[in-house]
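What follows is a single structure, written as structure tokens, with notes after it.
Residue numbers start from 1 in every chain, and the chains themselves are labelled A, B, ... in the order their sequence lines are given, proteins ahead of strands.
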Amino acid sequence: MPPSSIEIDAISKRFGRHQALNAMSLAVRAGEFMSILGPSGCGKSTLLRLIAGLDDPDSGEIRVAGQPGKRPGKRRLGDRGVAFVFQTYALYPNLSGYDNIAAPLVMRELNGFERLPGARLLPAVARKRRSIDSRVRAIAELLQVAPWLTRKPGQLSGGQRQRIALGRALVREPSLFLLDEPFANLDAALRHQTRAELTALQKRLGTTTLFVTHDQSEAMAMSDRVAVMFEGAIRQVATPDELYRNPVDLDVARFLSQPHLNCLPAKVILDGHVLIGGEHVALADARQPGTEGIVGFRPEHATLRPRPASATVPGTLPGVVERIEHAGADVFVFVRLLAPDTTCTIRAASHEMSRWAPGTPCAVALDAASGWFFPRRPMQTAALGRTEVAAA
Amino acid sequence: MTTPASPRLKAQRRAGLLLTAPAIVALVLLVLLPSSAVIILSLTDYQLGNTQAAFVGFANYRTIAADPDFRHSVRNTLVFVGLVVPGSIIPGLLFALLIEGRTRFKSVYRTAFFLPVTATLVAMSTAWEVLLHPTFGLVNTLLFAAGADKLRFLSNPGIALYAIAGIGIWKQIGFNVVLFLAGLSTIPRELYEAASLDGAEGGWRRYLLVTGPALAPVMLFVTIITTIRAFSEFDTVAVLTDGGPVHSTSVVLFVLYEEAFRYLKIGTGSAIAVMFLMFIALLSLVQTRLAGRARHV
């Protein structure tokens, strides 16, 4: 089937008192690989289930390839060209790998009589079975699962099961491919390998793919575009690069800067200049003098400079090295700022480690072009971490 | 060869023996000794109350095998089993599927179906006697209201066995429903969702793809239990029909009871008991073998 586009128009879904999706809209282009990224409980899995038709939205409309998904009367999920890979894989435990992959074809192309074991003897049924067999073999070849086809899911490892599940989803050439945290149960090495393979596979097949994950590195590595979700709504839809450079708000910035994002209360004093803890700091993103808000910057978007013990360096934030963490090529230096009284994490090359022993006075110099200024909104105050609130 | 672990191993064995001792003692006293006694008695002409008995070999077995009443009771038992096993398993499964599909009153249905299992059977049999009473019984009142003739359920030789089988089904169905419900609740929801996306949205297709295979172990257990219980039917017959009318409801265990405790012929009674025991043991063996195979395929 040709890849489908998806238009999601103001859908809402409520489970009891929990508003899982709140009038959210999203458009996915045909053939696109889009990740839905968000913390657990943000409604991303619910969204995927609604697109698949496993649940119905309370309001709003989902159009797959221009067709409204919600149909009156009996839904026939199997007839939509939607394939779904579950986090738990949901393989049929009593069927071999081969039969699991063949199941969607057998269920749709053979009727009850033709599925009987003996029906194979009829030439028409044998022809259908051969056609199914050739497609199952082709997918098995593509996913390199041929050696495991005779085994049951219980006899397969997590990674092998996951591939069988992918095979079952791909065998009927879906127009839309939905994956709900498919790598969550794999170990780190396998996750990286499968990540690359799935991306390559998607490029080759060109199937529209929606990939739900809470792992920002996964989303960044695989997607054409990433939709970031919080509290049942989409905050930002952008390419990974755009998302990295220009997060739309503090939540998005924080979520995409794991494990560390530095957040400092600040006030715009001039276009391009902010006041942080009494120091004037250049920041290109700062607009509208007088606005209060939060300056956010990543550990790699600032540099550490030496500082005389009882002096400050103009345009930088004075502090003292608190501790230092080795991370291979880099080190993370945790700096206690003098004002505001909070800790910043700065990345430095690991050969500089000896310069920044705990207790060393230092100055944090922000990269004016890379940091962000997020004007304070009432909603964001609540979203702030405890340290920033205390510091503010 | 001695290994450093061997004293520990010995201690472990001792502990194991100690821990299983109560079960072993109970098993010997309550199962093995009485069974052995029954086997020995079945080879004698012992009568209850006598002080001595003579060894008669397999004479008791030959007598029973030739006895038309016993043969008749075997036939009755087979009819009873043939009705109760499918009659309580298939509707039991259907009820379980219907209850599982509901969102409300699930526990109410579960309790209602399980009641017959917990109730005292003699009391329940009496309740059935009232329900099936030829003149004022509820069933006959309903039949009459529907324009049909009243039936003498328990005293018509042509119907009595079926009436008893109906009660047998009623007794067993709730137990099966509860077991099937327990089995159904272990099937992950995602499996059903995967099936619906794969084109098995519901009904028979979904049952064959997901529910049936997932329930297979439960189904086997239910079949074994139901079969053994049906073969062991006794109390309903004893309370309601006393084997009659004209032996039409006399099942194997009822004949055993009559031989041993009414006619006091312990020898022949024991012979029936031994044959019954061997048959049930064989049945269980076959079924567990099948179960083992089903699990490993």
#### Entry: Any B:M124 side-chain heavy atom under 4.5 Å of B:D235 side chain
no

### Query
Which members of residues 165-187 of chain B, sorted by number, sit under 4.5 angstrom from chain A on a heavy-atom basis?
none

### Task
Mind checking ring-ring contact (aromatic ring centres under 6.0 Å, His included) for B:F279 and listing every partner two or more places apart, or none if nothing turns up?
B:F231

### Task
Could you look at A:L91 and say if it's the side chain, the backbone, both or neither that has a heavy atom under 4.5 Å from chain B?
backbone

### Message
Within the 4.5 Å heavy-atom criterion, are A:L179 and A:L198 side-chain neighbours or not?
### Response
yes

### Query
B:A195 versus chain A, heavy atoms under 4.5 Å apart: side chain, backbone, both or neither?
both

### Query
Hey, is OH on B:Y207 packed in by over 12 heavy atoms from elsewhere, all under 6.0 Å?
yes

#### Entry: Residues, nucleotides or ligands: over 12 heavy atoms within 6.0 Å of A:E197 CD
yes

#### Entry: Salt-bridge contact A:D55-A:R49 (side-chain N to carboxylate O under 4.0 Å)
yes

### Closest contact, heavy atoms only, A:Y92 versus A:A103
CE1-CB, 3.7 Å

